[in-house]
Enquirer: 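Handing you this structure, nothing more for now.
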Amino acid sequence: MDSQITVLPNGLRIITSERPQLETVSLGIWVKTGSAYETKENNGISHFLEHMSFKGTKTRTSLQISEEIEDVGGQSNAYTSREFTAYYAKMMKEDAELAIDVLIDSIKNSTFPEEELVKERDVVVQEIKQTIDTPDDIIFDYFQETAFPNQALGRSILGPQETVRSFNRDTLLNYINSNYAAENMVICAVGCISHQKFVDMVKARMSDFRAKTNFTTDKQEYVGGFFIERRPIEQSHVVLGFKAFPYKCPEYYDMAILSTILGGGMSSRLFQEIREKRGLVYSVYSFTAAHSHAGIFGIYAGTEAKELPVLLPVVVDEIKKISNELVTEKEFNRAKMQLKSSIKMGLESSSSTAEVLARQNLIYGRSLSVEEIIAKIDAVSRESIRNIATQIFTSSPTYALLGAVDKHMEYDELQKALA
């Protein structure tokens, strides 16, 4: 993953990975801000701003922004997460400058016209309602809020409907002026483009961008607890979680391998025991979510309500097994290979590589080589997997249920079973 970096005097990092054999360029702007950097009063503003950035600038209408990219066969999009917001495009190599001009214009010069604000508030409220109506989606919002109560990291990315409806032009301008600055932004391109050419493109447009952010960050403290919402639907959804590790902790890769062994694929313990042997679920998996100052390890399953009293004890049993016994050499090596292969396969895509490079530089302040990451994976031992499992699964659980729930394992019963 060869890359070059240039830092402008205002602190903006410009990163490229040249792939002259390609006919395209994947590029974008990544900002280290998201819902975890909001207040209760403006929860959802990061996501709403991402929507509004494409609704017109001083020189382009909303339609022109879309047409200029698509007229030359390009693709553009954006996303907001808890700690990142990204605006990105993929173009033919000769149209890279057009793409970066449109993206930078959308961030620097958005006018936030009132008629577009009115429409987009309604659009985002519809998105919120769609999420609420999707149980295997909204359960993760409930889970996150239970794990990190009364803090920004626990609030939803979309925000509450009433808060979104309160957003106006001043709200957006205040947020972009405080949360968007060169020091917490990376502009990255991967594909058939020279580093210096891309630097010149960006420098001409971003040298005058503000250097420093002006916001305070909220705490990130895992708490845990219990949440239940009863709904008359066919499946019940359960998410079980535990305190884990932030990005920069040395245990990060131990945690990733643990998740792969426990619930990372069709050969994983949870899939084999719960779906293949017992037929209790269609979907079951484990996952990790790392943040700047906190992390969480989770297990999701969807099943009929009547199976919940059977499902949870099996999950607990698998947790206790992996905490008390060494994983087998075979599954340990398989998990390592899955992780390494996933990393290498992802880097075959220019879009994925741009995402990885941008995130690495925003998190670690530098690019990590593939060799460095693989060395970290290779350094994990079977003993460290058991130790990490013990450490994670002895924390206070987060337990969220949604569905036509009748009988289920109570929270205190779960805690006793895990002890």
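None of the values given here were measured: they were computed from a predicted structure. Hydrogens, waters and symmetry mates play no part in the numbers below; they use all other heavy atoms, side chains included.
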Enquirer: Using side-chain hydrogen bond (donor to acceptor under 3.5 Å, both in side chains), reason through S53 and S106 one step at a time and then give a plain yes or no.
Expert: CA-CA 5 Å; S53 293; S106 298; over 6 Å; no
Enquirer: Just checking N150: does its CG atom have more than 12 heavy atoms from other residues, nucleotides or ligands closer to it than 6.0 angstrom?
Expert: no
Enquirer: If you apply the rule side-chain contact (heavy atoms from CB on, under 4.5 Å), what do you find for Y285 with L270, and how did you get there?
Expert: CA-CA 7 Å; Y285 57 85; L270 289 174; over 6 Å; no
Enquirer: Provide the full list of ring-ring contact (aromatic ring centres under 6.0 Å, His included) pairs with a residue in residues 155-210, sequence neighbours left out, each pair given once.
Expert: F48-F167
Enquirer: Go through it in stages, so that I can follow the logic: the residues are E162 and R165, the test is salt bridge (Lys or Arg N to Asp or Glu O under 4.0 Å), and I'd like the CA-CA distance, side-chain angles, deciding distance and then a yes or no.
Expert: CA-CA 5 Å; E162 60 274 16; R165 290 199 182 278; over 6 Å; no
Enquirer: Assess whether atom CD of E234 is packed by more than 12 heavy atoms of other residues, nucleotides or ligands within 6.0 Å.
Expert: no
Enquirer: In terms of side-chain heavy atoms, does S367 have a donor or acceptor partner in N361 at a distance below 3.5 Å?
Expert: yes
Enquirer: Side chain of N177, backbone of L173: donor and acceptor closer than 3.5 Å?
Expert: yes
Enquirer: Restricting to ring pair (Phe, Tyr, Trp, His ring centres under 6.0 Å), what partner residues turn up for H291, sequence neighbours left out?
Expert: none
Enquirer: Return yes if a side-chain donor-acceptor contact under 3.5 Å exists between R19 and S350, otherwise no.
Expert: no
Enquirer: Between N184 and T213, does a side-chain hydrogen bond (donor to acceptor under 3.5 Å, both in side chains) hold up when you go through it step by step?
Expert: CA-CA 7 Å; N184 72 331; T213 56; 5.5 Å; no
Enquirer: Answer yes if the side chains of T390 and N387 hold a donor-acceptor pair under 3.5 Å, and no otherwise.
Expert: no
Enquirer: Mind running side-chain contact (heavy atoms from CB on, under 4.5 Å) on I45 and L172 for me, showing each step along the way?
Expert: CA-CA 7 Å; I45 189 71; L172 292 168; 3.6 Å; yes
Enquirer: Are there more than 12 heavy atoms of other residues, nucleotides or ligands under 6.0 Å from atom NZ of K219?
Expert: yes
Enquirer: Donor-acceptor pair, K336 side chain versus V380 backbone, under 3.5 Å?
Expert: yes
Enquirer: For G34 and T80, which heavy atoms make the closest approach, and how far apart are they?
Expert: CA-CG2, 4.5 Å
Enquirer: Do any N or O atoms from the side chain of Y247 and from the backbone of A290 form a donor-acceptor pair under 3.5 angstrom?
Expert: yes
Enquirer: Heavy atoms only: give me the nearest M409-L414 pair and the separation to one decimal.
Expert: SD-CA, 3.6 Å
Enquirer: Would you check if there is a donor-acceptor pair between the side chains of Q220 and S292 at a distance under 3.5 Å?
Expert: no
Enquirer: Side chains of S35 and S46: donor-acceptor distance under 3.5 Å anywhere?
Expert: no
Enquirer: Regarding K32 and Y37, do their side chains bring together a donor and an acceptor under 3.5 Å, going by distance alone?
Expert: yes
Enquirer: Can you tell me if D200 and Q196 form a side-chain donor-acceptor pair at under 3.5 Å?
Expert: yes
Enquirer: Using 0.5 Å steps for rounding, measure from the CG atom of L258 to the CD1 atom of I388.
Expert: 8.0 Å
Enquirer: Would K197 and E18 count as a salt bridge (Lys or Arg N to Asp or Glu O under 4.0 Å) if you check the C-alpha gap in whole Å, the side-chain angles of each, and the deciding distance to 0.1 Å?
Expert: CA-CA 11 Å; K197 183 177 180 181; E18 296 183 32; over 6 Å; no
Enquirer: Can you give me the closest heavy-atom contact between A301 and L311, atom names plus distance?
Expert: CB-CD2, 3.8 Å
Enquirer: For T6 and V202, what are the C-alpha separation, side-chain angles and deciding distance, and is it a side-chain contact (heavy atoms from CB on, under 4.5 Å)?
Expert: CA-CA 11 Å; T6 294; V202 176; over 6 Å; no
Enquirer: Rounded at 0.5 Å granularity, tell me how far NZ in K203 sits from CD1 in I14.
Expert: 8.5 Å
Enquirer: Keeping S110 on the side-chain end and F112 on the backbone end, is there a donor-acceptor pair under 3.5 Å?
Expert: no
Enquirer: I need the K376 NZ to D254 CG distance, nearest 0.5 Å.
Expert: 11.0 Å
Enquirer: Students often mix this up, so state it plainly: with edges at 30° and 60°, are the rings of Y222 and F148 parallel, tilted or perpendicular?
Expert: perpendicular
Enquirer: Would you say that V31 contacts M185 through its side chain, given a criterion of any heavy-atom pair below 4.5 Å between the two side chains?
Expert: yes
Enquirer: What is the minimum heavy-atom distance between N43 and S156, and which atoms define it?
Expert: ND2-O, 2.9 Å
Enquirer: Taking only residues two or more places apart in sequence, or in another chain, which ones meet K212 in a side-chain contact (heavy atoms from CB on, under 4.5 Å)?
Expert: E183
Enquirer: I would like to know whether K55 and E120 meet salt bridge (Lys or Arg N to Asp or Glu O under 4.0 Å); could you show each step before the answer?
Expert: CA-CA 9 Å; K55 296 304 175 182; E120 211 58 29; 3.4 Å; yes
Enquirer: What heavy-atom pair brings R386 and S323 nearest, and what distance separates the two atoms?
Expert: CG-O, 3.2 Å
Enquirer: More than 12 foreign heavy atoms under 6.0 Å from CD of E145: is that the case here?
Expert: no
Enquirer: Are more than 12 heavy atoms from other residues, nucleotides or ligands located less than 6.0 Å from atom NZ of K340?
Expert: yes
Enquirer: Tell me if the aromatic rings of F242 and F297 count as close, with their centers under 6.0 Å from one another.
Expert: no
Enquirer: Determine, stepwise, if the pair I193 / M201 fulfils side-chain contact (heavy atoms from CB on, under 4.5 Å).
Expert: CA-CA 11 Å; I193 190 168; M201 291 178 191; 3.8 Å; yes
Enquirer: For the backbone of D2 and the side chain of S17, can you confirm whether one donor and one acceptor N or O come within less than 3.5 Å of each other?
Expert: yes
Enquirer: Any chance you could measure S236, atom OG, to E229, atom CD, to the nearest 0.5 Å?
Expert: 11.5 Å
Enquirer: Mind checking ring pair (Phe, Tyr, Trp, His ring centres under 6.0 Å) for F226 and listing every partner two or more places apart, or none if nothing turns up?
Expert: Y399, H408
Enquirer: I'd like to check the side-chain contact (heavy atoms from CB on, under 4.5 Å) partners of D136; sequence neighbours left out, ordered by chain and number.
Expert: T134, H237, Y300
Enquirer: Without swapping roles, check the side chain of T288 against the backbone of A256 for a donor-acceptor pair under 3.5 Å.
Expert: no
Enquirer: Using modelled atom types and a 3.5 Å cut-off, is there a donor and acceptor pairing between side-chain atoms of D105 and backbone atoms of D101?
Expert: no
Enquirer: Output, in order, the C-alpha distance, side-chain angles, deciding distance and verdict of side-chain hydrogen bond (donor to acceptor under 3.5 Å, both in side chains) for S207 and N10.
Expert: CA-CA 7 Å; S207 291; N10 62 358; over 6 Å; no
Enquirer: Any donor-acceptor pair under 3.5 Å linking the side chain of T131 with the backbone of E127?
Expert: yes
Enquirer: Determine whether D218 and K40 satisfy the following criterion, salt bridge (Lys or Arg N to Asp or Glu O under 4.0 Å), listing intermediate values before the conclusion.
Expert: CA-CA 10 Å; D218 195 14; K40 185 178 180 181; over 6 Å; no
Enquirer: Does R382 use its side chain to pair, donor to acceptor, with the backbone of F332 at less than 3.5 Å?
Expert: no
Enquirer: Using the ring pair (Phe, Tyr, Trp, His ring centres under 6.0 Å) criterion, which residues pair with Y142? Sequence neighbours excluded.
Expert: F227
Enquirer: Search all heavy atoms of G225 against all heavy atoms of T146 and return the closest pair with its distance.
Expert: C-CG2, 3.4 Å
Enquirer: Are the side chain of Q360 and the backbone of L368 linked by a donor-acceptor contact shorter than 3.5 Å?
Expert: yes
